[in-house]
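Nothing here was measured: the structure is a model prediction, and the numbers come from that model. Letters A, B, ... are given to chains in the order of the sequence lines, protein chains preceding strands, and every chain is numbered from 1.
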Amino acid sequence: MENKMTNLLDGLNDRQKEAVTTTEGPLLVLAGAGSGKTKVLTHRVAYILENRLAAPWEILAITFTNKAANEMCTRIANIVGQMSEDIWIKTFHSACLRILRRDIEKLGYTSNFNIYDTNDQKRLIKDCLRELNLNEDNYPIKSVISKISSAKDEMIDCKEFAKRNDDFRGEKYAMIYARYQQKLKENNAMDFDDLIAKTVELFKDNPDVLEYYQNKFKYIMVDEYQDTNNLQYIFVSMLAEKHRNICVVGDDDQSIYKFRGANIRNILDFEKQFDDAKNIKLEQNYRSTQTILDAANAVIANNFERKEKKLWTNQGEGEKIEVRTCSDQVDEAMYISGEIEKLVSSGKYSYKDIAILYRTNAQTRALEDNLSCPYRVLSGLRFYDTKEIKDILSYLRVIYNPNDDVNLTRIINVPKRGIGDTTVGKIAAFAESMGVSMFDIISDEKYLEALGRSSAKIREFSAIINNLREYIDNIPLVDLMDKVFTETGYADSLMTENTPEARGRIENLQEFKSKALEYEKNVEEPTFGGFLDNISLVSDIDNYDTEQDAIVLMTLHSAKGLEFPVVFMCGLEKGLFPSYQSEGELDKLEEERRLCYVGITRAREKLYITYALQRVMFGKTESKVVSEFVGEIPEKLLNRTDNVVRKQFASYGSARGYSGSDLFGGAGKKSDMDYSAIIAKSTKSGAEMKSSVTYKKGERVMHKKFGEGMIVGITESGGDMMLEILFDNVGTRNLMASFARLKKL
DNA sequence: CGAATGGGTGGGCAG
DNA sequence: CACCCATTCG
């Protein structure tokens, strides 16, 4: 035991040791990116166990993703062995789900409730709007959803919401909210917010339940605390009230989920909320080179609301950051592809060491089309979001919980079985007026007759569902899924279709089955409901397999918590990253900057930043200007290159009509004229035009159109000098010294 | 009454 | 470019 203990603290720096051994009372660990946060958490759990401060089942560790939970579980198992199995290592949602499945009857739901995702929410809201005779244009679904979501986050129920919003629109929103919540209950369903909100409600209404969990969890740890919302904070606070051994770990600089309610104040104010809290900062970075850290530090220093931190390492300076100006998104993808080939053929890196990160999922297409290496795309369409999986999933959910009208409506006519919108509308109306679920209607002969000529088909459908319900937890999951495929006619309809697309869908369904198999194998007590929960809560990133030798493409958001030897951050253009939606709003811009910080700090050895002067967005070609974030990185850390001007000049000889303005979009339309003028001059007598002025790197210059800038690169080119100039407002431009008409400052 | 087709529109990150 | 809705056809 003594030995193990010393081992446990071996290899930790002083700060980390302190965080591991400070087990009692509230503790805030401000852990910079790459500062060994997971190590601290896992060792802290092990330390508590080794010192017999608590039994495994008395420890609750909350992470943000399932992937993080699994990793923590594995790493703790490596230290303490089997004991790790009884620790609650969960995400907020899965922890709450487990609590709810046990006691939800106390709130008037039944334990087989379904979980509604954003799509289901949308359907439900649409129904509400229709019933209330409200127009989607005046009450956009997205805004309704976000209003309801933030109300739930602030624990404002329908009544309270109505009180606080008594203007015309507010009243309507209150009505939608009330109806939506009522519908959820009728469907025996919960949205993601409810999972936390209902747990808190359960605790509030049932002190005995709360007390049980308060007593149970002697030590509570929360990872990624900067991304918790108010509800999650309340949930954790309630649980921690008794023992007060709460340790939160986070980095305010990596808070990137404000858009879904994350409240950065939770971490900034932790010490106010828990006035005796200890505070430990981890600033030594074990991941990246000093160059990368300097860049990250410099960028994030532009934010106002933050706790001062400076990452450092003793691992050396490393290589400069490559910044590449590209003509458009195809050029960008080709450049990245080329660099990847170079990196891999050098033998220093393999594909799995490399990641491409971007702001929006829409950017993947150009990349995918132009990559010449094995790759994987994370997120975008979740596996469970494809149509065929959603269909089967809806069947499974209806079988599990027949009161779920939303899912029932979704599949009652899939595949086509002659139950059209009109009939479905009738069933819904019946259900509404009788105060029962649609399934109740269609399984009752009394109502079926009233449905006229469709009744035979409906009868058939409800028979299928009722038949399948018999098999729940009686036969293996995979067999049940097979039955769903065949008995619903879904498989047949795909076979008949027999298009490449249909075959793809069949393949996907096979994969779905293997996921079920996997679940049955991995989980101790597999149940039908457990499988559905599992699906509701996994994300694409959870399935990211680091062993496969392929480069990986994902959004900057998904990349949080991951690291790669080589990182490409692409599309660093104003309006894309930072997003145009953050323009003029300081707090949103700061969140974008934090996202940039997250991106930079994913890189261990080599970081590439690319941006294009032109990009196709929303189907239109737009001119782009480099992101301000690039300019925030000290120039001395960068090695700038581009492909724009070379193309530009190459085009003179080959295609006269092609003025090059298409490639040089960043300068705007006027560049057409300027450049034709330059061609004229240069064909006359290039020698004459040769600049007599000499330039040096670092000099500041003034350009008529581009404004002030600094020379960051000089290349000799045919007796002239090509200057790479970083302009303050428009980004980098490559200009020939003799033609640029520069004024030294 | 149900299915198919075309036009218009909207498009950020996510458990 | 994908999805949703409205219109038209069967």
Without decimals, in angstroms, what is the distance between [X] [atom1] and [N] [atom2]?
| X | N | atom1 | atom2 | answer |
| --- | --- | --- | --- | --- |
| D533(A) | dG15(B) | CG | P | 16 Å |
| F92(A) | dG15(B) | CZ | C1' | 12 Å |
| I145(A) | dA14(B) | CD1 | P | 16 Å |
| D227(A) | dA14(B) | CG | P | 13 Å |
| N119(A) | dA14(B) | CG | P | 14 Å |
| E136(A) | dC4(C) | CD | C1' | 10 Å |
| D421(A) | dC1(B) | CG | P | 11 Å |
| I419(A) | dA3(B) | CD1 | P | 9 Å |

query: For DNA chain B, which residues in residues 189-198 of chain A have a heavy atom at a distance below 4.0 Å?
result: F192(A), D193(A)

field: Summary of salt bridge (Lys or Arg N to Asp or Glu O under 4.0 Å) pairs that have at least one residue in residues 405-420 of chain A, sequence neighbours excluded
entry: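 Pairs touching residues 405-420 of chain A that pass the test: D391(A)-R410(A).
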
query: Could you give all pairs that pass the salt bridge (Lys or Arg N to Asp or Glu O under 4.0 Å) test and reach residues 140-155 of chain A, with sequence neighbours left out?
result: K152(A)-D191(A), K152(A)-D194(A)

Whichever of F64(A) and V424(A) has its nearest DNA chain B nucleotide further upstream toward 5': V424(A)

message: Using heavy-atom distances to pick each residue's nearest nucleotide on DNA chain B, tell me which of G418(A) and H557(A) is more 5'.
response: G418(A)

message: If the condition is side chain to side chain contact (heavy atoms under 4.5 Å, CB included), which residues does A463(A) pass it with, not counting sequence neighbours?
response: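 With sequence neighbours excluded, A463(A) shows a side chain to side chain contact (heavy atoms under 4.5 Å, CB included) to no residue whatsoever.
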
Partner residues of [X] under the side chain to side chain donor-acceptor pair (under 3.5 Å) criterion, sequence neighbours left out:
| X | result |
| --- | --- |
| S143(A) | Y173(A) |
| T63(A) | none |
| Y608(A) | E339(A) |
| E585(A) | none |

message: Over all strands shown, is N66(A) touching base, sugar-phosphate only, or nothing at heavy-atom distances under 4.0 angstrom?
response: nothing

- prompt: So what does E592(A) hit on the nucleic acid, given a heavy-atom distance under 4.0 Å: a base, only sugar-phosphate, or nothing?
  reply: base

task: Kindly check if the number of other-residue, nucleotide or ligand heavy atoms within 6.0 Å of CE (M238(A)) is above 12?
output: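 Yes.
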
[N] OP1/OP2 closer than 4.0 Å to side-chain N/O of [X]:
| X | N | answer |
| --- | --- | --- |
| T118(A) | dG15(B) | no |
| T65(A) | dG15(B) | no |
| N229(A) | dG15(B) | no |
| K126(A) | dC5(C) | yes |
| S558(A) | dC13(B) | no |
| K426(A) | dC1(B) | yes |

Modelled atom types, side-chain donor and acceptor of E71(A) and T74(A), under 3.5 Å: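 T74(A) and E71(A) do not have a side-chain donor-acceptor pair below 3.5 Å.
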
query: May Y257(A) be described as stacking on the base of dC13(B), applying a 5.5 Å centroid limit and a 30° limit on plane angle?
result: no

message: Working to the nearest 0.5 angstrom, can you tell me the gap between E592(A) CD and E590(A) CD?
response: 11.5 Å

query: How many angstroms lie between CD1 in I256(A) and CD in E591(A), if you round to the nearest 0.5 Å?
result: 7.5 Å

Could you go over nucleotides 7-10 of chain C and give all protein N or O partners under 3.5 Å, atom names and distances?
none

- request: Kindly determine whether F259(A) and Y257(A) satisfy ring-ring contact (aromatic ring centres under 6.0 Å, His included), including the steps that lead there.
  value: CA-CA 5 Å; F259(A) 70 90; Y257(A) 284 103; 5.8 Å; yes

Output one line per pair: protein atom, nucleotide atom from nucleotides 8-11 of chain B, and distance, for all N/O pairs under 3.5 Å.
residue: dG11(B); atom: O6; partner: F618(A); partner atom: O; Å: 3.4

Consecutive-pair stems (at least three Watson-Crick or G-U pairs, under 3.5 Å) that include DNA chain B: B:1-10 with C:1-10

message: I'd like to know if E201(A) and K198(A) make a salt bridge, using a cut-off of under 4.0 Å between side-chain N and carboxylate O.
response: yes

- request: Determine, for K624(A) against E573(A), whether the closest basic-nitrogen to carboxylate-oxygen distance falls under 4.0 angstrom.
  value: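 Result for this pair is no, no salt bridge flagged.
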
- request: Compare the minimum distances between each of dA14(B), dA2(C), dG15(B) and the side chain of R365(A), then state the nucleotide with the smallest one.
  value: dA2(C)

field: Nucleotide nearest N413(A) when distance is taken to its side chain, options dA3(B), dG2(B), dA14(B)
entry: dA3(B)

Give the table of side-chain donor-acceptor pairs shorter than 3.5 Å for residues 421-431 of chain A, with sequence neighbours excluded, one pair per line with atom names and distance.
residue: T423(A); atom: OG1; partner: S454(A); partner atom: OG; Å: 3.2

